[in-house]
Number of protein chains: 2
Amino acid sequence: MPHSPPNKIDTTIFLEELRKRVTVPEGEFEKFLELWEFKKYKRNEFILKAGEVPEFSIFVLEGCLRQYIVNEAGEESIVYFAEERHWIGDLPAMRSKSPSAFNFQAIEECKLLVISAENWEKAFIDFPWWAQAHLTGYQKWTSMLQQKMAEMQTHTGETRYLNLLKEKPKLFQRVPQHYIASYLGISAETLSRIRKKLSRD
Amino acid sequence: MPHSPPNKIDTTIFLEELRKRVTVPEGEFEKFLELWEFKKYKRNEFILKAGEVPEFSIFVLEGCLRQYIVNEAGEESIVYFAEERHWIGDLPAMRSKSPSAFNFQAIEECKLLVISAENWEKAFIDFPWWAQAHLTGYQKWTSMLQQKMAEMQTHTGETRYLNLLKEKPKLFQRVPQHYIASYLGISAETLSRIRKKLSRD
DNA sequence: TGAATTTCTTGACTTTAGTCAACGCTTTTC
DNA sequence: GAAAAGCGTTGACTAAAGTCAAGAAATTCA
């Protein structure tokens, strides 16, 4: 069975995810990879706190992060979970060097590939396929967010819970239940009651 | 007072909006404009119905459109209002020639600039500044949608109403109140009661 | 202009979800 | 291994919002 040489990080899934979106010309991946840096975060460690200027953008090799926002009343609201193979960061804030409104925190121990603001702009010019993949990704994401918004507007918490369970079943095995509740936009108590009710039926 | 020659559409705001985002090289705007077509829609006319493949993407010169989704239960949920100077369309569906999940309807009589799928791809290659503007726009929009999602999760209908009122006051003077309710994710009756309550205080 | 349609409002009632507090259980941490 | 912290559950109560139905007001358009 093949294995990575010691001290060398496994970037297989990174290339796989790029190839899902776009054709990476022969030999360019290595050059592209040089723009990225490896980083490790401990459980519960913050990658970025709201009000800080993001220094890099992220691809998740291993682990799970949450992106959340805290409102005036101090209530947390999770807007995104990034598991392995996901991209996460606040690009508008990073590119404009302005403070982010979001918090980014490792839920588990995380292994990340990160790209600095400077390298991000460079990659964008040097690798046209990267720009392409990026744009297409954002277009889809926007459409998805709009659909999620509509779901939020028309469905009850119970339905949203069932949908998420179908969509990302693995998530429930790795993040605390009250994080799921926050992501669904319901209180932890309500989620607990929903689950109880559903287990009875 | 200057005026446009007869039969020539006024594309001033189109150029203005592009210039807000990016530097348009001298003389390129005219070439770029050739890729776009002028279209007019009557009040309540559909630009696209869910299930159809979008043939073009839109910039609004005059009027106001709504983008909405209908769920399994037949409930409408408005996800976006496009007033003049706004961009609207379902790019992922248009580019992949797959049916859109959204409906696009003119609320008022509308004057639009539209670009076909083919020309969109062409523009994207021929005008690098267009690709740049596009990407930056999508990045910001994604971030905005995430913040709107968080607002949805943590604020009451009343607060969301007040925020929208502050953000887009003109919208309330041109679209029916029950459309606003749908956009806010509350029933028309609830919005009516919120307004009554607020007018008392 | 006037009938038809759409939009908005109100009342009565139900459903959904939030809040606060308490408690048991598990996981960390020192 | 004991204390602390975090997590999930439950009860009692409150608040927010939906539903259904009826009617008033405004708008459209023929």
Side-chain angles (χ1 to χ4, degrees), chain A residues 42-46 64 66 68 71-78 105-109 149-165 171-201, chain B residues 41-45 63-64 66 68 71-78 81 105-109 149-165 171-201:
Chain A
K42 287 197 288 272
R43 186 179 139 77
N44 291 333
E45 196 175 350
F46 279 90
C64 185
R66 66 182 182 127
Y68 68 98
N71 71 10
E72 326 74 50
E75 297 159 326
E76 283 186 8
S77 170
I78 296 178
Q105 187 183 21
I107 297 178
E108 315 165 348
E109 162 150 326
M149 190 85 70
E151 192 194 18
M152 193 80 186
Q153 286 171 356
T154 56
H155 291 302
T156 63
E158 182 175 325
T159 314
R160 267 141 52 210
Y161 166 74
L162 288 170
N163 288 349
L164 185 62
L165 199 58
L171 197 63
F172 293 75
Q173 270 131 37
R174 69 196 303 186
V175 317
Q177 192 171 299
H178 67 277
Y179 282 178
I180 302 274
S182 166
Y183 181 72
L184 290 171
I186 58 182
S187 70
E189 293 95 329
T190 296
L191 179 54
S192 178
R193 282 186 255 265
I194 286 171
R195 285 164 51 86
K196 189 186 177 188
K197 180 183 162 259
L198 289 171
S199 69
R200 278 202 311 266
D201 309 338
Chain B
Y41 284 86
K42 288 197 288 272
R43 185 178 140 76
N44 290 334
E45 197 175 350
C64 185
R66 66 181 182 127
Y68 68 98
N71 72 10
E72 325 76 48
E75 297 159 326
E76 282 185 10
S77 171
I78 296 177
F81 288 112
Q105 186 183 20
I107 297 178
E108 315 166 347
E109 161 150 326
M149 189 86 68
E151 191 194 18
M152 193 79 185
Q153 286 170 356
T154 57
H155 291 300
T156 63
E158 181 174 327
T159 314
R160 268 142 50 209
Y161 167 74
L162 288 169
N163 288 348
L164 185 63
L165 199 59
L171 196 62
F172 292 76
Q173 271 131 35
R174 70 195 302 186
V175 315
Q177 192 172 298
H178 68 277
Y179 282 178
I180 302 273
S182 167
Y183 181 72
L184 290 171
I186 59 183
S187 69
E189 293 95 327
T190 296
L191 179 54
S192 176
R193 282 185 255 265
I194 286 171
R195 283 163 53 86
K196 188 185 178 189
K197 179 182 163 259
L198 289 171
S199 70
R200 278 202 313 267
D201 309 338

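Convention: sequence-line order gives letters A, B, ...; per-chain numbering from 1.
- The shortest heavy-atom contact between A:I194 and A:G157 is CD1-C, 3.9 Å.
- Closest heavy-atom contact between B:V175 and B:C64: CG1-SG, 4.0 Å.
- Going from atom CD of A:E76 over to atom C1' of D:dG6 covers 13 Å, rounded to whole Å.
- The nearest whole Å value for the distance from the CD1 atom in A:I180 to the P atom in D:dC7 is 13 Å.
- Straight-line distance from the CD atom of A:Q105 to the P atom of D:dG6: 11 Å, rounded to whole Å.
- B:E75 and A:T154 share no donor-acceptor pair across their side chains, judged by distance under 3.5 Å alone.
- Computed from coordinates, the A:L184 CG to C:dG18 C1' distance equals 15 Å when rounded to whole Å.
- Counted by atom type alone, A:Y183 and A:R66 present zero donor-acceptor pairs between their side chains at under 3.5 Å.
- At its two ends the helix from C:dT1-D:dA30 to C:dC30-D:dG1 runs along axes set 60° apart, each axis drawn from five pairs and the angle rounded to 10°.
- Between the P atom of C:dT10 and the NZ atom of B:K196 lies a distance of 4 Å, rounded to the nearest Å.
- Spacing between atom OH of A:Y161 and atom C1' of C:dA17 amounts to 17 Å, rounded to whole angstrom units.
- Taking every heavy atom of both residues into account, B:I107 and B:Y179 meet most closely at CD1-CD1, 4.0 Å.
- Closest non-hydrogen pair, B:Y161 versus B:L191, comes out as CD1-CD1, 3.5 Å.
- With A:E158 as the fixed residue, the side chain to side chain donor-acceptor pair (under 3.5 Å) test singles out one of A:R193, A:R195, A:K197: A:K197.
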>> For a quick check, with a 4.0 angstrom heavy-atom cut-off, what is the B/S/- contact string for nucleotides 14-30 of chain D, read 5' to 3'?
In response: ---SBBBB------S--

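- Closest approach of B:R160 to B:H155, counting heavy atoms only: NH1-O, 3.0 Å.
- Side chains of A:H178 and A:E76 form no contact here, defined as non-hydrogen atoms less than 4.5 Å apart.
- Residue A:L198 contributes atom CG, which lies 14 Å from atom C1' of C:dT16 at whole-angstrom precision.
- Taking 4.0 angstrom as the limit, A:Q177 places a side-chain polar atom (N or O) nearer than this to OP1 or OP2 of D:dT9.
- A sub-4.0 Å separation between OP1 or OP2 of D:dG8 and a side-chain N or O of A:H178 is present.
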